[in-house]
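Heavy atoms only: backbone and side chains are in, while hydrogens, waters and symmetry mates are out.
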Amino acid sequence: MNRFDYIELLARLLPETVLVIGALVALFLDQSRAKVWSDRSRNVTGVFIGLLSSILAILFMIHPNLSPSVQWQFGDFYHGMLQISTFTKVVKTGLLVLTAATLLIAAPAKFTSHIGEYVALILLATVGLLLLSSAGELLTAFIALELTSLSLYLLTAFHKGNLKSAEAALKYFLFGSVAAAFTLFGISLIFGLAGSTNFERIAAALRGQPMSPLLVAGLVLTVIGFAFKMAAAPLHLWAPDAYQGAPIPSAALIASGSKLASFILFMKFFLLAVPAQMGSAGWGRAAAGWAVAIAAISATSIIVGNLLAIAQSNIRRLVAYSAVAHAGYVLIALLAPTTNGIASAFYYLFTYGLTVIGIFGVIGAIESRHGEATLSDFAGLSRRAPLLALCLFIFILSLAGIPPLAGFFGKFYVFLAALEASATPSGTPLHLWIVVVAIAGSAVSLFYYLQVLKQAFVVDSVAGGGPAVLATKTQKLTISVLAASVVLLGCFPNTVLRRLQVPGSTPRQEAPAHEHHHETSRDSTHVFANVR
Amino acid sequence: MLAWTIYISFLGALAAYLAGRERPGVARWVALGTGVVSLGIAVLGTAQLDPGKVNTLAHAAWVPSLGISYFLAADGISSTLVILTGVASVAGVLFSWNIQHRVNEFFAFYLALIGGVFGVFLSFDLFLLFVFYEIAIVPKYFLIAIWGSTRKEDGAMKLALYSFIGSAMVLIALLTVYVLSPVKTFNLLELTAAGPLGGQAWLFPLTFVGFAILAGLWPFHTWAPTGHVAAPTAASMLLAGVVMKLGAYGALRVSMTLFPEGLKMWQTAFAVLAIVGIIYGAGVALTQNDFKFVIGYSSVSHMGFVLLGLMSLTAIGLSGAVLQMFSHGIIAGLLFAVVGRMVYERTHTRDLSVLERSGLGRKMPFVSVTFLLACLASMGFPGFSGFIAEVSILIGAWQHLPVFTILAGVGILVGVGFTLRALQKSFYSPAPEIEAGDHAHAYEPITIPEKSGSILLLACTVVIGLYPRLLFDLIHPAIQQPMFTRFISAG
């Protein structure tokens, strides 16, 4: 029963294994060939290996025979250490796509001469992200969290010639390690109360328990760690510096994949381990629980992020503050413990990841000519680089939530899920207040997003058209593909929803639709592990 | 068939953009071709459909789990406004023929805006309608910010934020409607058929104001004068001609049909705002010295009639409101074309006190006749479309709101006042003695696109003025549909 079968472990975790092998190969090849090959061929090789292993991992992920969906158990001791379900497969595929895009915009890495190490770190961070999203208990989750975080600290510091990069990494590290300590303390309290680290056993043990001070402390400390990973206010202070100082691909990974995986992990923790302690953040019906804390953080992030973004002139800091606001929007999805809530969070963060990687790609192209990019460096972009300007147009409007781009449907879906989950038989939905805050916030955000587009499209650059923008063919292609996917996912959101098996998104054969719909939409665990 | 107006506009936008900066002529002809074809489709498509019911044009599942479908349809009201949009888009292209700066981008944004407008008029799924409604916001910003004039960036940003705030209010209400309604769908027909919703007391004003911000509802009208003044001619024509109608249409099609009980509660309040808009807009127009501000405020005043017609809650008042949308779209387009394109491009001033001394009447006979006719139409002179529309609104309003009707009559008088003042100052003031050599240089002659555009718009207003049944036959049966008769009072 308790036999630990490593071969089976490797087989089940084939995608992760492939990534680790890829990381080792990239590291080894680069070390052994550094003196022989030119910088260019080392760059190409490193990125190629990274890309190849991500693609292989995706193929293994979606191949039904190679990684069957089960909630996988190692007997009693390792009860439910990892969950591999349809949902986690979709999430992991999403994460691998984000990693591949990150690698592609990294293509000519001018900030380092150790491309092998850089690619290896990105792959290791991705392994951490994949494990985060399939963790079924607290210790696995914490180990994965640390693997990701340590890789990301290093990635942030990777531009060794740049003081800003070192400063950013130090701030990120100090904040991050303190937040990790909080999280660890929080989960240890919860373990102490529940006597198990497994999500579902914790839920069983804590059901019906009163909100003791110890439990409250455990929840609050966990929420703090969560807010740090999401860069939600008031734990967002590291984000502008990290975004500003880190090399472009590192910043892109922090803003995209890392957020998606952390959100999925914490969402699983809240909805599977402590569902009974949710409380309520409904207007006039507030009840103690983690939902109140989440709602408070969400509203704060939306207000703080949007207002501070208005004042920014450095484009990376602007993106960072807008990311704070976006963390606020997506946190609203946690107030909806329903299939729609979970699916909307994934859709939101995945498309947001694609968008933000694309924006960092464009920023990288601008910075290749201007050094640090301020808003005025975008002047006349539509004339200097029409393709990049068009892509920027799509990305920025998607962040602003203009239909038919993916950012709009993401927001719409999150808000809808939150309202639906708080519907009362008669009268207004209880979560309306936070949706109003969020929609008002996004109206404010249009102002600063338009400032960026105004520079790119309205303002003419200095006489002579200004310098052309440097971007390799790979980068241009990647950015265009990202822009196209933001448009297509926005126009056809059902392509994602269908894979998440949201009830009603696929043509259903069984006839009585009415009661079926109502039943499943309330059952949050349905999506997490749909095979039991 | 009508659905193709949307697709052709967006394809035209793409084609115009791809024509490139170096070939402005191609972009112009693409835009004109797109406009003419979509106008043709609008007229032919309208002839095919039964105006008294909602004719499905396209219906496909989109996000089935949320009850969102791609549902395009049309009744007589939609098709009236689709024809208006077609006319306005052709005229707008004709009056932007002289644009020289970034021509391909101009027409790409222009046609994208037109496509969004067509989409709003033809959507019967609230999600889809909202998508098109917001698609129309972005091109407006760039049209004004890039090609505009006086304080263009402020005007553009003000318009974009006002529109976005309005649509945010609508979005909040739409989400709430979905949650409250027993039928989990965004299909407008199913929602209205499903019976009364809760929360109408606050949902109605939220959506009505959200939409009517774009219709120039006082006191949320302040984007309109600055936006019109800052915009390039074609964008002013579209703003006044069709974008303001988006707001009025949304208010009628969505907020009034979804929340009939809320409508009854708020009828008087919004009728008051409509009257204030009529009189205030006219009064401010009376004192303006910038020619475009005069027209901008007159739009606020004339759109007040539309809102008054909606609030009359009678069949004839509603028909009049829809006809006034059409009529004002044509006339305001013509007025902006005269002021922004034909006069300003030649004199380089819009200051009435300067124009007063330059004797335009003699120098530009074609323009002065056009403007005279446009002013007559705008004042509601019999024989033009404005007359029949405003009379219908006043008759409709008289049944429930007699005091308001009298006040609206006062508004018409003030309207005559500012129109005559502008007409007299601009074209019919006694020309100063022309000193040899000083003013001897003549203005550039009026070009063929300008003439054709003016004649097109004048023809529309005269034909509808003389034979209003052309449109009333579309509008009347549409108003008799159950979605409207639920709130129309008998009589």
Heavy-atom distance under 4.5 Å to chain B: side chain of A/Phe412, backbone, both or neither?
both

Partner of A/Asn494 under side-chain contact (heavy atoms from CB on, under 4.5 Å), chosen from B/Val63, B/Leu66, B/Ile68:
B/Val63

Step-by-step side-chain contact (heavy atoms from CB on, under 4.5 Å) determination, B/Phe127 to A/Phe409:
CA-CA 10 Å; B/Phe127 181 85; A/Phe409 186 77; 3.8 Å; yes

B/Tyr178 side chain reached by A/Pro429 side chain, heavy atoms, under 4.5 Å:
no

Bottom line for A/Ala440: the part with an atom under 4.5 Å from chain B's heavy atoms is neither

Taking every non-hydrogen atom, the tightest pair across B/Ser65 and A/Leu497
OG-CD1, 3.9 Å

Can you tell which part of A/Val436 gets under 4.5 Å to a heavy atom of chain B, answering side chain, backbone, both or neither?
both

If I compare all heavy atoms of B/Phe130 with all of A/Pro403, which pair ends up nearest, and what's the gap?
O-CG, 4.4 Å

A/Val458 and B/Arg102: which non-hydrogen atoms are nearest, and at how many Å?
O-NH1, 4.0 Å

Minimum side-chain heavy-atom gap A/Phe415-B/Ile172 below 4.5 Å
no

Give the interface residues of residues 134-146 of chain B toward chain A, defined by a heavy-atom separation under 4.5 Å.
B/Glu134, B/Ile135, B/Val138, B/Tyr141, B/Phe142, B/Ala145, B/Ile146

If I measure from the heavy atoms of chain B, does A/Leu416 come under 4.5 Å with its side chain, its backbone, both, or neither?
both

